Amino acid sequence: MRYWLMKSEPDEASIDDLANAPQRTLPWTGVRNYQARNFMRDIMQIGDGVLFYHSSCPEPGIAGLAQVSSTPYPDPTQFDSKSPYYDAKSTQESPRWMLIDVVFKKKCPLIALAALREHDELAEMRVLARGNRLSITPVTKAEWDFITKRLM
DNA sequence: GCCAACGTTGGC
DNA sequence: GCCAACGTTGGC
């Protein structure tokens with residue numbers, strides 16, 4: 001059982017979109033970074049905890065909790081020539097991009113990025129590291145416990 | 001809109 | 001394999 005922080009632009013998929021999706025589940029489409037893909041393909045498992053983070057928006061921060069709810073499978077958007085995530089170099093036989101599904105757990109009052117930075121307990125969080133751009137980052141159990149028990 | 005940071009591309 | 005150029009991310 002591991003813990004993760006996953007960034008989503010709320011314009012594309014917000015915590016409310018996840019809560020209102022069929023089965024409260026969405027496929028995590030559009031990741032086009034190998035390190036993030038490898039997390040989904042190789043390490044993430046059903047039941048892993050997810051901090052759902054809103055990025056590139058007026059109020060960036062943690063907006064709720066979710067869980068990994070599928071094993072890895074090919075991201076369908078890579079085969080869709082009309083999708084912004086289309087990848088002409090990927091094939092059905094050997095898909096380049098894999099994803100997992102995420103299921104809604106709960107929404108919380110936004111824990112702003114600035115608020116996260118105020119806590120020494122979270123100083124080592126990957127998402128807070130200078131220059132971090134990775135859209136999926138591992139979260140330690142201590143960080144998870146602090147955020148879910150003390151900040152929610 | 002700016003810009004720092006980082007990943008990817010492609011010429012050599 | 002190096003590395004400069006370029007594109008993207010994402011907070012501010």
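This is a predicted model, so every value here is computed, not measured.
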field: Gap between atoms CD1 and P, on I62(A) and dG10(C) respectively (whole Å)
entry: 15 Å
- request: Return the nearest nucleotide to the side chain of R133(A); candidates are dG10(C), dC6(B), dC12(C).
  value: dC6(B)
- prompt: Between dG11(C) atom P and L110(A) atom CG, what is the distance in whole Å?
  reply: 11 Å
- request: Please report, rounded to the nearest Å, how far the P atom of dT9(C) is from the CD atom of E12(A).
  value: 10 Å
message: Just the rounded figure in Å: distance from P of dG11(C) to CG of N132(A).
response: 9 Å
- prompt: Between D75(A) and R32(A), does at least one N-O distance fall below 4.0 Å, as a salt bridge requires?
  reply: yes
Given dG7(B), dT8(B), dG11(C), the nucleotide with the shortest approach to the side chain of Q35(A): dG7(B)
task: May I have the distance from H54(A) (atom NE2) to dC12(C) (atom P), rounded to whole angstrom?
output: 17 Å
L113(A) CG to dC12(C) C1', straight-line distance once rounded to whole Å: 10 Å
Rounded interatomic separation in angstrom, taking CD1 from I136(A) and P from dC6(B): 19 Å
Salt-bridge present (K107(A), D16(A); N to O < 4.0 Å): yes
query: Does Y53(A) make a side-chain N or O approach to OP1 or OP2 of dT9(C) shorter than 4.0 Å?
result: no
- prompt: Where the side chain of S56(A) is defined as all heavy atoms beyond and including C-beta, which of dG10(C), dG7(B), dC12(C) is the nearest nucleotide?
  reply: dG10(C)
task: Return yes when atom CD of E124(A) has more than 12 non-hydrogen atoms of other residues, nucleotides or ligands closer than 6.0 Å, and no otherwise.
output: no
- prompt: Is the distance from OP1 or OP2 of dT9(C) to the nearest side-chain N or O of K7(A) less than 4.0 Å?
  reply: no
Expected output: side-chain Q78(A) to main-chain W97(A) donor-acceptor under 3.5 Å: yes
field: Atom pair distance, as rounded to whole Å: CH2 in W97(A) and C1' in dT8(B)
entry: 10 Å
